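Following: one structure in structure tokens, then a few remarks.
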Amino acid sequence: MPSRSVPPSIDGEFTEVTRGGDDKWLPYKTKRLYTNAFIIHGNKLLLGYKKRGFGLSKYNGFGGKVEPGETPDQAAARELKEEAGIEAPLEHSGTFLFVTEGGPDWAFQIEIYRAEEYSGTPTETDEMRPVWFSIPASSETAKAAVASVIENVIDNDLPPIPYESMWDSDYLWLPLLLSKTHFVGRTDFKEVDGAFKLERWWFGVPTSTCT
Ligand SMILES: Nc1[nH]c(=O)nc2c1ncn2[C@H]1C[C@H](O)[C@@H](COP(=O)(O)OP(=O)(O)OP(=O)(O)O)O1
């Protein structure tokens, strides 16, 4: 079988964790920077239920556009405060490109952040309602982490991570974020009647962290 290429947008030495769909990666004109931040507190994960805009009625991390003059780190902190009312020592955890067919002709470059502590009280805003979910038991390797989340082994009374109400590809990389494994990736979605359907994806981790 011929070897399949890494998406053209991925630079550097990464080991594939998961891929799907064909190799016909969508073209895009430019990239726009976004952030997305997740709070992991013990065995709980904080997500926001999106009340308006793109991604309405989905659960997601807290984030949005990087404004002119801002760094992604600054934007991540600002968006977390604006959308959830909290502050946290955010660490950069991954990057992926979200490209659409039928949607914008530019790619969303989403910088993903995580923190294990926070200050303040998660508070509902006009855009997001914060909700805690249970994190499944952790695993040693990136691939095992993906498997543990799919099996959804939980040990508290909170609901499990609501993958069915998240963007279609989040179950592929959230386990990497939970296990503190830096990752890169790419997803191509197709917009049909206002809904976005995952068409192809690739996620990888730095070669040195994949055992
Ligand atoms: N967890 C996620 N998984 C995914 O596959 N795509 C995501 C994603 N989070 C964001 N995206 C993509 C799709 C989404 O419509 C786009 C913009 O992200 P957001 O919805 O977070 O930003 P907003 O349009 O709300 O920006 P602001 O108005 O600045 O808050 O990036």
Side-chain angles (χ1 to χ4, degrees), residues 7 9-10 17-21 25-26 28 30-40 45-86 90 92-114 123-131 133 146 149 161-178 183-204:
S9 50
I10 306 288
V17 174
T18 175
R19 77 179 302 150
W25 299 100
L26 295 170
Y28 54 85
T30 54
K31 293 192 256 188
R32 296 191 189 177
L33 277 174
Y34 284 72
T35 65
N36 200 351
F38 294 81
I39 305 296
I40 296 145
L45 173 69
L46 185 66
L47 297 176
Y49 177 81
K50 187 115 189 246
K51 294 163 63 179
R52 66 176 190 208
F54 230 22
L56 175 73
S57 303
K58 290 187 195 298
Y59 286 96
N60 204 346
F62 302 91
K65 292 178 207 65
V66 177
E67 300 292 350
E70 253 184 347
T71 64
D73 289 9
Q74 290 167 339
R78 175 183 53 72
E79 291 277 355
L80 182 65
K81 181 80 178 161
E82 283 175 10
E83 293 188 352
I86 58 175
L90 294 172
H92 189 246
S93 186
T95 301
F96 72 94
L97 275 196
F98 171 98
V99 188
T100 60
E101 180 182 347
D105 62 3
W106 35 274
F108 296 77
Q109 178 173 329
I110 306 176
E111 302 296 343
I112 309 288
Y113 291 82
R114 74 195 297 287
T123 304
E124 183 164 350
T125 60
D126 287 350
E127 186 158 352
M128 290 287 218
R129 175 159 49 84
V131 184
F133 292 93
V146 172
V149 169
I161 298 170
Y163 286 111
E164 67 289 351
S165 303
M166 297 173 74
W167 285 96
D168 283 356
S169 60
D170 289 7
Y171 80 98
L172 297 166
W173 55 263
L174 201 64
L176 302 174
L177 174 123
L178 296 176
F183 66 93
V184 297
R186 159 91 186 240
T187 58
D188 283 9
F189 279 76
K190 185 171 186 174
E191 185 179 4
V192 183
D193 297 332
F196 287 87
K197 184 173 161 291
L198 183 61
E199 294 278 293
R200 61 189 69 78
W201 68 88
W202 188 97
F203 285 91

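Reckoned from all heavy atoms, side chains included, excluding hydrogens, waters and symmetry mates. We count ligands from 1, going down the list as the structure has it; atoms in each ligand are counted the same way. Owing to the predicted nature of the structure, the values given are computational and were not obtained by experimental measurement.
In terms of protein heavy-atom proximity, atom 6 (N) of ligand 1 is nearest to Phe98 CD1, 3.2 Å. The nearest protein atom to atom 19 (P) of ligand 1, hydrogens excluded, is given as Lys50 NZ, 4.0 Å; this is a heavy-atom distance. Closest to atom 12 (C) of ligand 1 among all protein heavy atoms lies Ile110 CD1, 3.5 Å. Shortest contact from atom 21 (O) of ligand 1 to any protein heavy atom: Gly63 O, 3.5 Å.
Across all their heavy atoms, Arg114 and Leu177 have their closest contact at NE-O, 2.8 Å. The two residues Leu198 and Ser169 come nearest to each other via the heavy atoms CD2-CB, 3.8 Å.
Considering Gly53, Gly103, Gly64, Gly55 only, the shortest heavy-atom separation from atom 22 (O) of ligand 1 involves Gly64. The option from Phe108, Phe189, Trp201 that lies nearest to atom 31 (O) of ligand 1, judged by heavy atoms, is Phe108.
Ligand-side atoms of ligand 1 in range of Ser169: 5 (O), range being under 4.0 angstrom from any heavy atom. For ligand 1 and Glu83, the ligand atoms under 4.0 Å from any heavy atom of the residue are 30 (O). Close approach of ligand 1 to Trp173 is summarised as follows: ligand atoms under 4.0 Å from at least one heavy atom of the residue are 1 (N). Short contacts between ligand 1 and Phe54, defined as distances under 4.0 Å to a heavy atom of the residue, involve ligand atoms 14 (C), 15 (O), 20 (O).
Put simply, no part of Glu67 is less than 4.0 Å from ligand 1, judged by heavy atoms.
Enclosure of atom NZ in Lys190 is not indicated, since only 12 or fewer non-hydrogen atoms of other residues, nucleotides or ligands lie within 6.0 angstrom.
Note: an N/O pair closer than 3.5 Å links Asn60 and ligand 1 by distance alone. For ligand 1, the polar-atom distance check against Asn36 finds a nitrogen or oxygen pair separated by under 3.5 Å. Remark: ligand 1 and Lys65 share an N or O pair separated by less than 3.5 Å (distance only, no angle test). Between Thr35 and ligand 1, no N or O atom pair is found at a separation short of 3.5 Å. Any N or O atom pair closer than 3.5 Å counts here, and Tyr34 shares no such pair with ligand 1.
Residues Arg32 and Lys65 are not in side-chain contact: their nearest non-hydrogen atoms beyond the backbone lie 4.5 Å or more apart. Between Gln109 and Thr95, the closest side-chain pair of non-hydrogen atoms falls below 4.5 Å. Considering only heavy atoms from C-beta on, Phe189 stays 4.5 Å or farther from Leu26 through its side chain. Leu47 is not listed as a side-chain neighbour of Val131, based on a closest heavy-atom distance of 4.5 Å or more.
By the criterion of a heavy-atom distance under 4.0 Å, the side chain of Asp170, and not its backbone, is placed next to ligand 1. Under 4.0 Å from ligand 1, not a single heavy atom of Phe62 appears. The part of Glu79 lying near ligand 1 is the side chain, judged by heavy-atom distances below 4.0 Å.
Note: Phe196 and Trp167 meet the aromatic proximity criterion, with ring centroids under 6.0 Å apart.
With Phe38 as the partner, the side chain to side chain contact (heavy atoms under 4.5 Å, CB included) test is satisfied by one option alone out of Leu80, Leu178, Ile112: Ile112.
Relative orientation of the Tyr34 and Trp106 rings is parallel, given thresholds of 30° and 60° on the angle between their planes. Ring geometry, Trp173 versus Phe183: the interplanar angle falls under 30°, so the pair is classed parallel (tilted spans 30 to 60°).
The pair Lys197-Glu199 counts as a salt bridge, with a side-chain nitrogen and a carboxylate oxygen less than 4.0 angstrom apart.
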